[in-house]
Colleague: 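Pasting in a structure now, in structure tokens, and then I'll have a few things to ask.
Letters A, B, ... mirror the listed sequences (proteins, then strands); counts begin at 1. All values below come from the heavy atoms of this structure, side chains included, with hydrogens, waters and symmetry mates left out.
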2 protein chains.
Amino acid sequence: MTTRVLPGPRERLLEAAKELTYAQGVGVGVDALLKAANVARRSLYEHFGGKDGLITEVLRLSAAEDEAAYERTMRAAGDDPRRRILAVFDWLGEVIEEPDFRGCRYLAAELALADPDHPGHEVTRRYNARIRALLESELRDLDHPRPAHAADQLLVLINGALAVGATRPGTLPAAAARELAEHLLDEGRG
Amino acid sequence: MTTRVLPGPRERLLEAAKELTYAQGVGVGVDALLKAANVARRSLYEHFGGKDGLITEVLRLSAAEDEAAYERTMRAAGDDPRRRILAVFDWLGEVIEEPDFRGCRYLAAELALADPDHPGHEVTRRYNARIRALLESELRDLDHPRPAHAADQLLVLINGALAVGATRPGTLPAAAARELAEHLLDEGRG
DNA sequence: GACGATATAGACCGATCGATCTACTCGTCA
DNA sequence: TGACGAGTAGATCGATCGGTCTATATCGTC
């Protein structure tokens with residue numbers, strides 16, 4: 001059986017690390033992670049090889065979850081690609097207004113991991129590429145004249161809203177970004 | 001005399017810390033800062049009271065310099081507010097393409113300083129507010145119908161370009177942002 | 001030339017870092 | 001029953017953390 005009734009030390013560690021690395025950054029100490037997960041020190045090194053392995057796995061897991069959240073948001077918005085894209089900004093607005101919002105986890109990791117060879121960088125790079133591909137696909141469905149370029153612009157708007165949301169809470173940057181996205185989507189349709 | 005021919009330990013520390021905290025994040029060790037600045041350990045605590053004081057002062061100094069850079073960029077672009085604002089994005093494009101670009105220093109500090117009471121947060125908050133005020137002033141000169149709202153949007157575009165530039169180097173996010181800024185500036189003039 | 005302020009050099013502090021190790025417990029399955 | 005794998009508990013490691021300390025050197029100024 002690969003399934004399990006109670007979450008094992010691996011799952012507990014991943015969950016605790018997901019929360020703590022977001023709330024306090026990837027600089028959190030191993031002791032804090034072990035205590036929060038209620039896991040023996042040895043288990044961390046058995047399952048992940050070390051702190052870097054755990055952090056990388058957390059990023060991978062979160063990336064998959066967040067990508068799924070983008071897809072779920074768009075699916076729930078119906079079939080119109082325009083509505084689906086704008087729904088992303090509405091959802092981001094809710095995320096940003098959550099009381100414990102602390103900005104984009106992947107950008108924070110990108111900036112905090114000083115070692116350029118840390119495997120976490122590759123994860124964040126791929127995550128951004130996948131979100132961008134998701135957006136470009138919608139833009140093609142919309143028959144946008146420049147889907148690749150518009151996808152780059154949407155990525156700027158998304159990351160901008162998340163960044164401003166971290167520094168200036170309460171200014172509703174997602175709504176501001178959504179409005180710019182509308183202009184972008186209307187391109188080439190008079 | 002308050003001026004000095006050779007930079008003293010205070011100036012050397014600030015300069016070294018400005019570089020190291022950007023390249024490696026605010027988590028850099030005190031030893032690394034002292035070594036890079038060639039300064040005695042004691043001098044750091046005499047001048048800044050501790051690591052946090054040094055970091056905060058670096059943020060303050062950098063904020064003043066960067067704000068001046070915005071103003072210089074706009075001044076060099078002439079008198080037309082539209083040109084002046086778009087020049088900011090051209091300048092950001094150059095900054096992002098610099099080989100050692102590592103994203104926005106203030107957002108990185110905001111995300112890395114886990115303690116919400118760290119005085120650095122106030123500095124980054126004020127910095128963003130001042131840049132926003134700078135932009136809003138230009139928008140008023142331009143007789144933009146919604147200067148405050150448009151300033152918020154420009155801030156999203158700027159932070160978005162810097163964020164994407166950190167994660168996806170070479171994709172020219174500043175140019176993408178500039179194009180969206182043009183739409184924004186043309187608002188209400190048919 | 002003496003003084004005081006400002007440096008430097010570096011020992012030293014307790015705390016914490018990430019990581020390794022041993023010893024013990026517990027459940028499973030042969 | 002007994003061997004084994006997985007997990008816990010916790011001592012321990014060397015390194016590094018931020019910070020304090022003493023001792024010495026250098027400087028400008030009276």
Side-chain angles (χ1 to χ4, degrees), chain A residues 1-21 23-59 108-109 112-121, chain B residues 1-21 23-59 108-109 112-121:
Chain A
M1 296 288 277
T2 69
T3 60
R4 193 193 282 266
V5 181
L6 294 181
R10 180 186 159 88
E11 288 74 22
R12 298 205 305 277
L13 258 178
L14 285 172
E15 187 57 30
K18 198 177 94 178
E19 291 181 9
L20 274 183
T21 58
Q24 308 192 31
V26 293
V28 223
V30 166
D31 288 343
L33 296 171
L34 297 176
K35 188 171 184 178
N38 219 315
V39 153
R41 202 168 194 75
R42 177 171 183 150
S43 300
L44 188 160
Y45 294 92
E46 289 287 338
H47 285 290
F48 303 101
K51 184 193 176 185
D52 284 347
L54 173 58
I55 287 179
T56 304
E57 198 57 30
V58 164
L59 287 174
L113 297 177
D115 178 10
D117 293 331
H118 193 290
H121 290 297
Chain B
M1 298 287 278
T2 70
T3 60
R4 194 192 283 265
V5 181
L6 294 181
R10 180 184 159 90
E11 288 74 22
R12 297 205 306 276
L13 257 179
L14 284 172
E15 186 59 30
K18 198 177 95 178
E19 292 181 8
L20 274 183
T21 58
Q24 307 191 33
V26 293
V28 220
V30 167
D31 289 342
L33 295 172
L34 297 176
K35 188 170 183 178
N38 219 315
V39 154
R41 200 170 194 76
R42 178 169 184 153
S43 301
L44 189 160
Y45 294 92
E46 288 288 338
H47 285 288
F48 303 101
K51 185 192 176 185
D52 285 348
L54 173 58
I55 287 179
T56 305
E57 199 55 32
V58 164
L59 287 175
L113 296 177
D115 177 10
D117 293 330
H118 193 290
H121 290 298

Colleague: Please check if the side chain of B:Thr21 supplies one atom and the backbone of B:Ala17 the other of a donor-acceptor pair under 3.5 Å.
Modeller: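 Answer holds: yes.
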
Colleague: Using whole Å, what does the distance between atom C1' of nucleotide D:dA25 and atom CZ of B:Arg42 come to?
Modeller: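 Atom CZ in B:Arg42 sits about 13 Å away from atom C1' in D:dA25.
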
Colleague: Is there a donor-acceptor pair under 3.5 Å between the side chain of B:Arg12 and the backbone N or O of B:Asn38?
Modeller: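 Yes, B:Arg12 side chain to B:Asn38 backbone: donor-acceptor pair under 3.5 Å.
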
Colleague: Can you measure A:Lys51 atom NZ to C:dT16 atom P for me and round it to whole angstrom units?
Modeller: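 Checked: the NZ to P distance equals 15 Å.
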
Colleague: Tell me: CG of B:Leu13 to C1' of C:dT8, nearest whole Å?
Modeller: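 Atom CG in B:Leu13 sits about 13 Å away from atom C1' in C:dT8.
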
Colleague: Starting at CD of A:Gln24, measure out to CG of B:Leu113 and round the result to the nearest 0.5 Å.
Modeller: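 Interatomic distance, A:Gln24 CD to B:Leu113 CG, rounded to 0.5 Å: 12.5 Å.
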
Colleague: Nearest to the side chain of A:Pro9, which nucleotide is it out of D:dT8, C:dT8, D:dG19?
Modeller: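 For A:Pro9, the side-chain atoms sit closest to D:dT8.
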
Colleague: Select one nucleotide: of C:dA7, D:dG18, D:dT8, the one nearest the side-chain heavy atoms of B:Arg41.
Modeller: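 Nearest listed nucleotide: D:dG18.
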
Colleague: Does A:Asp115 offer a backbone N or O that forms a donor-acceptor pair with the side chain of A:His121 under 3.5 Å?
Modeller: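 Present.
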
Colleague: Just how far, in rounded Å, is P of C:dG18 from CG of A:Leu113?
Modeller: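 One finds 13 Å between P of C:dG18 and CG of A:Leu113, rounded.
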
Colleague: If you only use heavy atoms from C-beta on, which nucleotide in D:dT8, C:dA11, D:dG10 is closest to the side chain of A:Ser43?
Modeller: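 Comparing D:dT8, C:dA11, D:dG10 against the side chain of A:Ser43, the answer is D:dT8.
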
Colleague: Does A:Asn38 reach a base, just sugar-phosphate, or nothing at all? Heavy atoms under 4.0 Å.
Modeller: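 Counting heavy atoms under 4.0 Å across all strands, the contact made by A:Asn38 is with sugar-phosphate only.
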
Colleague: Could you check which residues of residues 27-37 of chain B get a heavy atom under 4.0 Å from DNA chain D? Sort them by number, please.
Modeller: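 Heavy-atom cutoff 4.0 Å gives B:Val28, B:Gly29, B:Val30, B:Asp31.
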
Colleague: Please tabulate, one pair per line, all N/O donor-acceptor pairs under 3.5 Å involving side-chain atoms of residues 47-59 of chain B, not counting sequence neighbours.
Modeller:
| residue | atom | partner | partner atom | Å |
| --- | --- | --- | --- | --- |
| B:Lys51 | NZ | B:Val26 | O | 3.2 |
| B:Lys51 | NZ | B:Val28 | O | 2.9 |
| B:Asp52 | OD1 | B:His118 | NE2 | 3.2 |
| B:Thr56 | OG1 | B:Asp52 | O | 2.8 |
| B:Glu57 | OE1 | B:Arg60 | NE | 3.3 |

Colleague: For the side chain of B:Tyr45, starting at C-beta, report the closest nucleotide among D:dT8, D:dG19, C:dT8.
Modeller: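 Among D:dT8, D:dG19, C:dT8, the one nearest the side chain of B:Tyr45 is D:dG19.
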
Colleague: What is the distance from CZ of A:Phe48 to P of D:dA6, rounded to the nearest Å?
Modeller: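 Nearest whole value for this atom pair: 15 Å.
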
Colleague: Are A:Asp31 and A:Arg41 close enough that some pair of their side-chain heavy atoms sits under 4.5 Å apart?
Modeller: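 Sidechains of A:Arg41 and A:Asp31: in contact.
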
Colleague: Which heavy atom of B:Leu13 sits nearest to which heavy atom of B:Leu44, and what is that distance?
Modeller: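 Closest heavy-atom pair between B:Leu13 and B:Leu44: CD1-CA, 3.6 Å.
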
Colleague: In degrees rounded to 10°, what angle is found between the helical axes fit to the five outermost pairs at each end of the helix from C:dG1-D:dC30 to C:dA30-D:dT1?
Modeller: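 Result, rounded to 10 degrees: 10°.
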
Colleague: Calculate the interatomic distance between B:Glu46 atom CD and D:dT26 atom P; express it in whole Å.
Modeller: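 The answer, rounded to whole Å, is 19 Å.
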
Colleague: B:Glu11 has an atom CD; how far is it from atom C1' of C:dT6, in whole Å?
Modeller: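 These atoms are roughly 13 Å apart.
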
Colleague: Round to the nearest Å and state the distance from A:Ile55 atom CD1 to C:dC17 atom P.
Modeller: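 To the nearest whole Å, that distance equals 13 Å.
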
Colleague: Out of C:dT8, C:dA7, C:dA19, which has the shortest distance to the side chain of B:His47?
Modeller: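 The closest nucleotide is C:dA7.
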
Colleague: With a 4.0 Å cut-off on heavy atoms, is A:Arg12 in touch with a base, just the backbone sugar-phosphate, or nothing at all?
Modeller: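 The answer is sugar-phosphate, as A:Arg12 gets under 4.0 Å only of primed atoms, P, OP1 or OP2.
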
